[in-house]
Enquirer: 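Take this structure first; my questions come after.
Quantities reported herein were computed from a predicted structural model and do not represent experimental measurements.
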Amino acid sequence: MFMSTNACLVPSSFWLTGIPGLQSLHIWLSIPFSSMYLVAVVGNVTILAVIKVERSLHQPMYFFLCMLAVIDLVLSTSTMPKLLAIFWFGAHNIDLDACLTQMFFIHCFATVESGIFLAMAFDRYVAICDPLHHTLVLTHAAVCRLGLGALLRGVLYIGPLPLMIRLRLPLYRTQIIAHAYCEHMAIVTLACGDTTVNNLYGMGIGFLVLILDSLAITASYVMIFRAVMGLATPEARLKTLGTCSSHICAILVFYIPIAVSSLTHRFGHHVPPHIHILLANFYLLIPPILNPVVYAVRTKQIRERLLHILKAGTQPK
């Protein structure tokens with residue numbers, strides 16, 4: 001329902017279009033999206049189960065991987081059920097508070113994931129550059145503090161966004177959000193009144209999270225590579241770098257889709273709307289799908305445990 005104030009409206013709900021321009025294909029688009037969501041859920045739940053069962057994986061790197069798996073489940077589940085409801089049942093309507101809650105979860109846990117990648121880079125730095133003190137520095141308590149710190153940072157950074165929209169932007173030109181989910185800029189661009197503060201805050205958070213985190217991760221890996229190059233033999237260098245390969249792949253899988261989606265949204269004014277929205281959905285789906293695959297393929301202990309479970313499941317009783 002709406003209350004009208006001249007040309008602007010006070011909405012109690014919004015209308016999500018799904019994929020603009022591709023509404024006639026929604027039922028067909030639901031097939032790849034539902035399949036990807038299922039793969040993401042099964043993959044991340046499997047990673048959590050394997051690490052819980054395999055005691056040799058109760059180490060800092062794998063605890064961080066568990067945190068990533070939980071975050072990826074939250075991110076994908078924050079968007080996919082609603083998107084599939086739009087595709088299958090035409091459930092476009094979303095309550096204002098539900099919309100702001102969805103926006104908070106998406107941006108908050110994307111921020112938390114970036115923080116976990118930063119913590120994992122620190123873990124690799126200590127493990128390679130100061131291996132004698134790794135178990136002393138990265139204790140279970142320290143891992144928990146780093147995880148809680150990443151979560152607290154996400155809440156503090158993103159918490160003001162829905163409050164600023166609620167308190168500063170009560171009026172909107174339309175209730176129709178040309179998006180598949182409640183994204184911050186997609187809501188702000190519909191508002192009547194001055195959105196400068198909201199825009200600047202959103203850009204500031206983007207800078208703090210994407211730019212500073214990626215610079216810190218890059219700096220840690222520069223120091224790691226310098227330490228690796230100082231090793232005596234090529235075999236030792238390759239073995240040491242191999243312990244970082246999964247983390248580097250996961251970082252690229254996370255940051256590249258976000259960067260492409262962000263740049264396309266802000267500067268790709270001639271890019272068709274459905275491309276914008278598809279990219280925005282893929283950046284929330286690609287990491288949850290690929291992270292379990294990357295770690296299962298690149299991590300010997302996880303790979304061996306999965307193969308053991310599969311073999312046990314196929315043996316006749």
Enquirer: Is H92 reaching over with its side chain to a backbone N or O of F14, donor-acceptor style, under 3.5 angstrom?
Expert: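 No.
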Enquirer: I need the L22 CG to H274 NE2 distance, nearest 0.5 Å.
Expert: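 NE2 of H274 is found 5.0 Å from CG of L22.
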Enquirer: Taking the side chain as every heavy atom from C-beta outward, state whether Y181 and N281 have any pair of such atoms under 4.5 Å apart.
Expert: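 Yes, at least one pair of side-chain atoms sits under 4.5 Å.
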Enquirer: Can you tell me if S114 uses its side chain to pair, donor with acceptor, with the backbone of T111 under 3.5 Å?
Expert: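 The answer is no, because no donor-acceptor pair under 3.5 Å joins these two groups.
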Enquirer: Are F122 and V126 packed together at the side-chain level, in the sense that at least one heavy-atom pair is separated by less than 4.5 angstrom?
Expert: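 Side-chain contact under 4.5 Å: yes.
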Enquirer: Is the backbone of H179 close enough, under 3.5 Å, to the side chain of T17 for a donor and an acceptor to pair up by distance?
Expert: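 Looks like yes, one N/O pair under 3.5 Å.
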Enquirer: What distance separates H134 NE2 from I128 CD1, expressed to the nearest 0.5 Å?
Expert: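 Reported value, rounded in 0.5 Å steps: 9.5 Å.
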Enquirer: Please report the interatomic distance CG(L171) to CG(L190), rounded to the nearest 0.5 Å.
Expert: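 Result: 12.5 Å between the selected atoms.
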Enquirer: Measure the shortest side-chain to side-chain distance between F33 and L278 over non-hydrogen atoms and say whether it is less than 4.5 angstrom.
Expert: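 A side-chain contact exists here, since the closest heavy-atom pair is under 4.5 Å.
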Enquirer: Contact between S214 and F117 at the side-chain level, heavy atoms closer than 4.5 Å - yes or no?
Expert: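 Counting from C-beta outward, S214 and F117 never come under 4.5 Å.
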Enquirer: Starting at OG1 of T77, measure out to CG of L284 and round the result to the nearest 0.5 Å.
Expert: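 Answer for the OG1-CG pair, T77 versus L284, is 11.0 Å.
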Enquirer: Please tell me whether H247 and Y221 have a donor and an acceptor in their side chains that are separated by less than 3.5 angstrom.
Expert: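 Indeed, the side chains of H247 and Y221 share at least one donor-acceptor pair under 3.5 Å.
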Enquirer: Nearest 0.5 Å please: distance from the OG atom of S76 over to the CG atom of N44.
Expert: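 One finds 7.0 Å between OG of S76 and CG of N44.
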Enquirer: Is any side-chain heavy atom of M185 closer than 4.5 Å to one of N199?
Expert: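 Contact flag for N199/M185 side chains = yes.
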Enquirer: With a 3.5 Å distance limit and no angle check, can you tell me whether Q102 reaches the backbone of S78 through a side-chain donor-acceptor pair?
Expert: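 Present.
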